[in-house]
Structure formats: structure tokens, C-alpha cells
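Okay, so here's the structure we're looking at.
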Number of protein chains: 2
Amino acid sequence: MIAIGEASRQSGVGIEAIRYYEREGIVPKPGRAANNRRLYSKTDVGRLIFLKRCRNLGFPLAEAKALLDLSEQREADCAKALDIAASHKSSIRKKINDLERLERALNEVTANCTNGSLHCPMLLSLREH
Amino acid sequence: MIAIGEASRQSGVGIEAIRYYEREGIVPKPGRAANNRRLYSKTDVGRLIFLKRCRNLGFPLAEAKALLDLSEQREADCAKALDIAASHKSSIRKKINDLERLERALNEVTANCTNGSLHCPMLLSLREH
DNA sequence: TCTTGCTCCTGTAGTGGCTACAGGAATTAG
DNA sequence: CTAATTCCTGTAGCCACTACAGGAGCAAGA
């Protein structure tokens, strides 16, 4: 059993984030030593690593928790896991498309701004009716 | 002079957002009628429309305010405006690249998940050491 | 005149996922 | 014995709003 700092080091999840996960019920409350300090088992650290990987893949915390729960069931439900992943993928795809549209719009609005003109074309187009 | 609801309708900025901009000093405090209700001029509405367009282009509020301030100076400083736009563009480009990396990683992790296998390959790869 | 419904006011809390303290207690190293 | 480190709880801050609660004012219709 290890203290929270070591669990943080082993999992890559920050100390405050670990306590936050506990408060939010994402991970079960760990045991406590006689001096009231949290004690983490290898299983606990495994959960943190799992969550860290999910977050690195961009899953929202709620979906990360859902995946963690699935992963701890006797028979991991691949279909449900795929559902979660698919919806996450489509939200990423949507974000990419939105950002690309934004990028094009920005390029358009600044297109005539190459010279040091007195009346900035970008500002004009933001202002005009 | 119009009330806040009409200013919201004309600018597309929500009523609560308008009050928020005022609190945050993004726009100057508007006049008040005898009954304490806010009164907006065409100039005020023009500022809200400008901010709305900046936000639609994804500019953070602080940058939107900087652009608004530039736009209200006697000689709009195109170079400064372009600076702001360029840094915003590069942050968008970075976000797109990050999301595309995420998308590829997600595709990899779910690649072997087409069948209804008992041990979900995605969950396994999130769990393994 | 009374009521209904709309708009407006201030102030506070919530969103996500943490991070950064403050202020204190306990442990460890020298 | 002291100093440094780690831990504890609890709160505030980030961004850009949104969503109330609880109340006041105002216009139109019965």
C-alpha cells in the first residue's frame, strides 16, 4: 500500500486530481492509515492509469468512468464500450470539422490584410453591416 | 435607445451574456432609464455585434475585446489586429492537429473491436501494462 | 380596477476538470 | 531539535457563459 504522492507518480494523475476523482465518485474511496492518510493498492493505481489513458484519448470523465466500470465487469461488454468510443469519435470529428470551418473563415477575413493599410480589412469586415 | 431584450435580439448576444460583458468591463456601462433599466444606443449594439462575430470566429473574449478596442481607435492598427488573428489561427491549427492525432489513436485502439469478442480489445489495451 | 403575462432587475450557483492556494498536522532526514 | 517534505481539509479560480431565485415594473385586455 502506497501514499497518494506515490500513486500520483505511478499513475501520472496529479494528487489533486486523484482527490477530485474520489470526491466525484469516479474511483472508490481508498483505505486510510492510522494517521488518516490515504493508502492505495495496486488495483487502485491500475484504475488511475486506466482513467489517465482514457483522458489522454480525450474521453470526458463520465465516459472514462463508464469504460472503467465496464472493464471491471466479469465479461467486458465490448458492444457498450464501442458505443462510447463511437460517440466520442463522432464528437471529435465534429470538432475537427468545426475548427476547419473556423480556420477557413479566419483566412477569408484576413485575406486582404497583407499590407499595412490604414483601414484594416479584418476589422472592417467585423464591423460592417 | 432600446432595452436589453431588443439589444439582445438585434445583436444575437444573449441577455445574460450582455450583462456579463458589462460586469467584466468588455463593453462600457450603458445608460439607465428612470426605472433603472439599461438603455442601449446603436453604437452599443454595434459593439455587441462586433463581439458576437469575434466569438463566432472563435476568438477568446479577451482577444475579442482587444480587437474591439483596436477597431474603435482613430486609425485601426492592422498590424496588431493581424498579430491577434495569427496567434488565434495557430492555436486553432494546433487544436486540429491534436484532435487528428486523437482520432488516429482512437481508431487504433478500437481497430480490433469489430467482433463481439468476450474480452474487448479496447478495454484490454486501456488496462494492460 | 384587476389580472395576466411579459420584461427587467440583482445576486448566486452551476458547468468540466481540474489547479492553486491557505492553514494546519504529521512524518522524515540530518 | 530543526527543517524540509508530505499529507490533510476546504475554498477559490479558470472560461464564457447559462440558469435559476425572488422580486419589481409595465402594458393590454376583461
Side-chain angles (χ1 to χ4, degrees), chain A residues 1-27 29-40 44-45 47-48 50-68 84 87-88 91-92 95 98 102, chain B residues 1-27 29-40 44-45 47-48 50-68 87-88 91-92 95 98-99 102:
Chain A
M1 301 289 261
I2 58 178
I4 195 170
E6 186 57 27
S8 169
R9 247 164 269 130
Q10 289 183 19
S11 65
V13 180
I15 290 178
E16 317 258 15
I18 294 176
R19 291 199 278 243
Y20 171 75
Y21 289 174
E22 180 186 334
R23 270 203 309 285
E24 296 297 305
I26 308 296
V27 294
K29 301 198 175 200
R32 296 276 181 148
N35 57 12
N36 196 36
R37 295 188 174 193
R38 292 170 178 81
L39 286 180
Y40 294 88
D44 291 327
V45 173
R47 283 194 197 101
L48 293 173
F50 186 100
L51 289 172
K52 181 73 185 175
R53 289 178 179 161
C54 289
R55 299 289 298 124
N56 283 347
L57 286 170
F59 285 104
L61 203 44
E63 292 181 12
K65 174 173 169 42
L67 290 174
L68 178 59
I84 293 172
S87 99
H88 181 46
S91 97
I92 286 176
K95 275 180 196 157
D98 288 352
L102 222 54
Chain B
M1 303 290 262
I2 57 178
I4 196 171
E6 185 57 27
S8 170
R9 247 164 269 130
Q10 288 183 19
S11 66
V13 179
I15 289 178
E16 318 257 16
I18 294 176
R19 290 198 278 242
Y20 171 76
Y21 290 174
E22 181 185 335
R23 270 202 309 284
E24 296 298 303
I26 308 295
V27 293
K29 301 199 176 199
R32 296 276 181 148
N35 55 12
N36 196 35
R37 297 188 173 192
R38 291 171 179 82
L39 287 180
Y40 294 88
D44 291 327
V45 173
R47 283 196 196 100
L48 294 173
F50 187 99
L51 290 171
K52 180 73 186 173
R53 288 178 180 162
C54 289
R55 299 289 298 124
N56 283 347
L57 286 170
F59 284 103
L61 203 43
E63 294 182 9
K65 173 170 170 42
L67 290 174
L68 178 58
S87 98
H88 181 45
S91 98
I92 287 177
K95 275 181 196 158
D98 288 352
L99 285 171
L102 223 55

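Chain naming here is simple, since letters A, B, ... match the order of the sequence lines and numbering starts at 1 in each. All of these numbers come straight from a predicted model, not from anything done at the bench.
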Quiz item: Do the non-hydrogen side-chain atoms of B:L51 and B:V13 ever get within less than 4.5 Å of each other?
Solution: no
Quiz item: How would you list, by chain and number, every residue that makes a side chain to side chain contact (heavy atoms under 4.5 Å, CB included) with B:A34, sequence neighbours excluded?
Solution: none
Quiz prompt | Segment of DNA chain D, first to last nucleotide, that comes within the 4.0 Å heavy-atom reach of chain B | solution = D:dA16 to D:dC26
Self-check item: Side-chain heavy atoms of B:S11 within contact of B:K52, under 4.5 Å
Solution: no
Practice problem: Would you jot down, in residue-number order, the residues of residues 15-23 of chain B having a non-hydrogen atom under 4.0 Å from DNA chain D? | Solution: B:E16, B:A17, B:Y20, B:Y21
Self-check item: Results of side-chain hydrogen bond (donor to acceptor under 3.5 Å, both in side chains) for B:K65 - residues two or more places apart only
Solution: B:D69
Quiz prompt | Gap between atoms CD1 and P, on A:I4 and C:dC18 respectively (whole Å) | solution = 14 Å
Self-check item: Those residues of residues 53-61 of chain B lying under 4.0 Å from DNA chain D by at least one heavy atom
Solution: B:R55, B:P60, B:L61
Quiz item: Please give, in whole Å, the distance from C:dT7 P to B:I2 CD1?
Solution: 14 Å
Quiz item: Excluding sequence neighbours, so at least two apart, what forms side-chain hydrogen bond (donor to acceptor under 3.5 Å, both in side chains) with A:N56?
Solution: none
Quiz item: Who passes salt bridge (Lys or Arg N to Asp or Glu O under 4.0 Å) against A:R32, sequence neighbours left out?
Solution: A:E22
Quiz item: Do A:E24 and A:L61 touch side chain to side chain, with heavy atoms closer than 4.5 Å?
Solution: no
Please output the side-chain donor-acceptor pairs of residues 14-21 of chain A that fall under 3.5 Å, not counting sequence neighbours, one pair per line with the distance.
none

Quiz item: Where along nucleotides 23-30 of chain C does protein come under 4.0 Å, by heavy atom, of base (B) or sugar-phosphate alone (S), with - for untouched nucleotides?
Solution: ---BS---
Quiz item: For B:F59, what residues pass the ring pair (Phe, Tyr, Trp, His ring centres under 6.0 Å) criterion, not counting sequence neighbours?
Solution: B:H88
Practice problem: Using a strict 4.0 Å threshold on nitrogen-to-oxygen distance, state whether B:D98 and B:K95 make a salt bridge. | Solution: no
Exercise. List the atom of A:L57, the atom of A:I92, and the distance in Å for their closest heavy-atom pair.
Key: O-CD1, 4.4 Å
Self-check item: Set of residues satisfying salt bridge (Lys or Arg N to Asp or Glu O under 4.0 Å) with respect to B:E6, sequence neighbours excluded
Solution: B:R9
Quiz item: Atom CG in B:L39, atom CD1 in B:I2: separation rounded to 0.5 Å?
Solution: 9.0 Å
